[in-house]
Amino acid sequence: MNFVKSKRKIKMRFPLSHSLRLASSLRTKSNKFQFHHFTTTTTATPELRPDPPPIRVGLTDSAGRGVFATRPIGTGELIHTAKPAVCHPSPNVLHTVCYCCLRRISNPDGSEAQRVSFCSEDCKRRCMEFYNVEMKADWAAFDDYCGTHGLKYPFMVKRLACMVISGVARSDSVDILQPANLTPQMISRMEEEFGLLWNAFRKTLISDEDISFLTKQWYIGVLARIRINAFRIELAAGLYEDLLSSAAASVEAEAAVGHAVYILPSFYNHDCDPNAHIIWIDNADAKLKALRDVDEGEELRICYIDASLDRDARQELLSRGFGFQCNCTRCIHGD
């Protein structure tokens with residue numbers, strides 16, 4: 001391992017701007033973590049079951065958990081896909097992206113009263129349980145507070161709370177992810193946010209039993225994990241599977257449509273000369289692809305920032321936003 005990271009720093013996601021528009025992820029560290037292979041589940045018959053992704057999650061020498069190849073992976077190969085555990089549109093594009101999958105919508109059908117749109121009946125059906133819970137509450141005070149303070153992650157906590165209440169998610173669904181280290185000032189503000197969230201739910205007909213999980217500790221714990229693991233979702237504007245080899249790969253992606261938290265992608269470590277990256281084609285479903293040939297047993301790493309920046313700029317961004325000094329080969333050689 002060629003870099004050292006602090007797991008007690010706050011890590012935020014930065015957008016990327018060139019052909020390597022690579023999104024970031026944070027790894028969770030645990031000395032008790034057991035090595036294992038990730039497998040996929042399916043309702044198909046055994047003969048139609050897809051192969052598991054060619055990766056395992058294991059402990060690195062100095063960076064906690066990481067993702068390793070279990071076989072050779074070729075340049076441009078799709079390593080695996082991932083659906084978000086929770087996502088939410090950016091407030092400024094709420095009317096123009098799907099409230100479920102973050103796909104851009106050319107002709108939004110949401111009314112001002114409804115405030116949201118869905119790209120398909122399937123997305124509407126999949127979101128309706130937690131969306132019906134959300135619509136029971138008056139979110140004016142909560143939304144105004146978040147808007148005034150420029151906050152985006154509390155909306156994701158609100159959605160997760162609605163998902164838990166509706167039964168489509170567990171209250172501990174993101175506990176495996178590492179939380180950020182919080183200052184007293186951050187905690188104080190989170191307590192204000194929690195009070196607004198709690199009051200919104202308390203004024204509804206939702207039972208005390210259904211919101212028994214919704215404590216101040218739960219809110220702060222979830223938000224701390226979202227802060228450090230959330231991806232800024234920038235769609236690749238329909239460049240599809242040949243993105244790596246296409247001349248259009250240098251075209252900048254569209255503006256961010258929202259943020260999402262994933263489980264497996266959050267275990268990828270950073271390198272300024274990455275061998276993998278994460279992209280979004282037309283919705284929040286993430287695709288992890290190889291940037292070059294990867295050997296069996298090699299750790300797969302992505303770049304958390306714009307890899308085209310010079311060394312000093314990269315070091316500043318990584319230190320300020322992710323809390324560690326990068327000691328990858330590029331940085332050591334001053335490239």
Side chains of Ile79 and Ile73: closer than 4.5 Å at any heavy-atom pair? yes
So, using salt bridge (Lys or Arg N to Asp or Glu O under 4.0 Å) as the criterion, who are the partners of Asp143 when residues are at least two apart? Arg115, Lys158
Which one of Phe155, Phe201, Tyr145 satisfies the ring pair (Phe, Tyr, Trp, His ring centres under 6.0 Å) criterion with Trp139? Phe201
Identify the heavy atoms of Leu102 and Pro89 that sit nearest to each other, and give their distance. CD2-N, 3.6 Å
For the residue pair Tyr99 and His88, establish whether any side-chain heavy-atom pair is separated by less than 4.5 Å. yes
Sequence neighbours left out, what pairs pass salt bridge (Lys or Arg N to Asp or Glu O under 4.0 Å) with at least one residue falling in residues 190-200? Arg189-Glu193
Sort and list the pairs that fulfil salt bridge (Lys or Arg N to Asp or Glu O under 4.0 Å) and have at least one residue in residues 85-103, not counting sequence neighbours. Arg103-Asp282
Qualifying residues under salt bridge (Lys or Arg N to Asp or Glu O under 4.0 Å), relative to Asp172, sequence neighbours excluded: Arg170
Listed by chain and number, what are the salt bridge (Lys or Arg N to Asp or Glu O under 4.0 Å) partners of Arg311, not counting sequence neighbours? none
For residues Phe324 and Leu318, determine if any side-chain heavy atom of one lies less than 4.5 Å from a side-chain heavy atom of the other. yes
Pairs in or reaching into residues 201-213: which pass side chain to side chain donor-acceptor pair (under 3.5 Å), with residues at least two apart or in two chains? Arg202-Asp208, Ser207-Asp210
Are any non-hydrogen side-chain atoms of Asp293 and Asp295 less than 4.5 angstrom apart? no
Is there side-chain contact between Lys287 and Leu78, with heavy atoms separated by less than 4.5 Å? yes
Could you label the plane-to-plane angle of the Trp198 and Phe194 rings as parallel, tilted or perpendicular, counting under 30° as parallel and over 60° as perpendicular? parallel
Whether the Ser120 and Asp122 side chains hold a donor-acceptor pair (N or O, under 3.5 Å, no angle test) is what I'd like checked. no
Given 3.5 Å as the limit, does a donor-acceptor pair link the side chain of Thr215 with the main chain of Trp218, or not? yes
Minimum-distance pair of heavy atoms, taken over all atoms of Arg301 and Asp271: NH1-OD2, 2.7 Å
Has the side chain of Thr148 got a donor or acceptor atom that lies under 3.5 Å from a matching backbone atom of Asp144? yes
Is there a donor-acceptor pair closer than 3.5 Å between any side-chain N or O of Gln315 and the backbone N or O of Cys326? yes
What's the spacing between Ile233 CD1 and Cys101 SG if we round to 0.5 Å? 11.5 Å
With a distance cut-off below 6.0 Å to the six-membered ring centre and an angular limit of 45° from the axis, does Arg65 pair with Phe267 as a cation-pi contact? yes
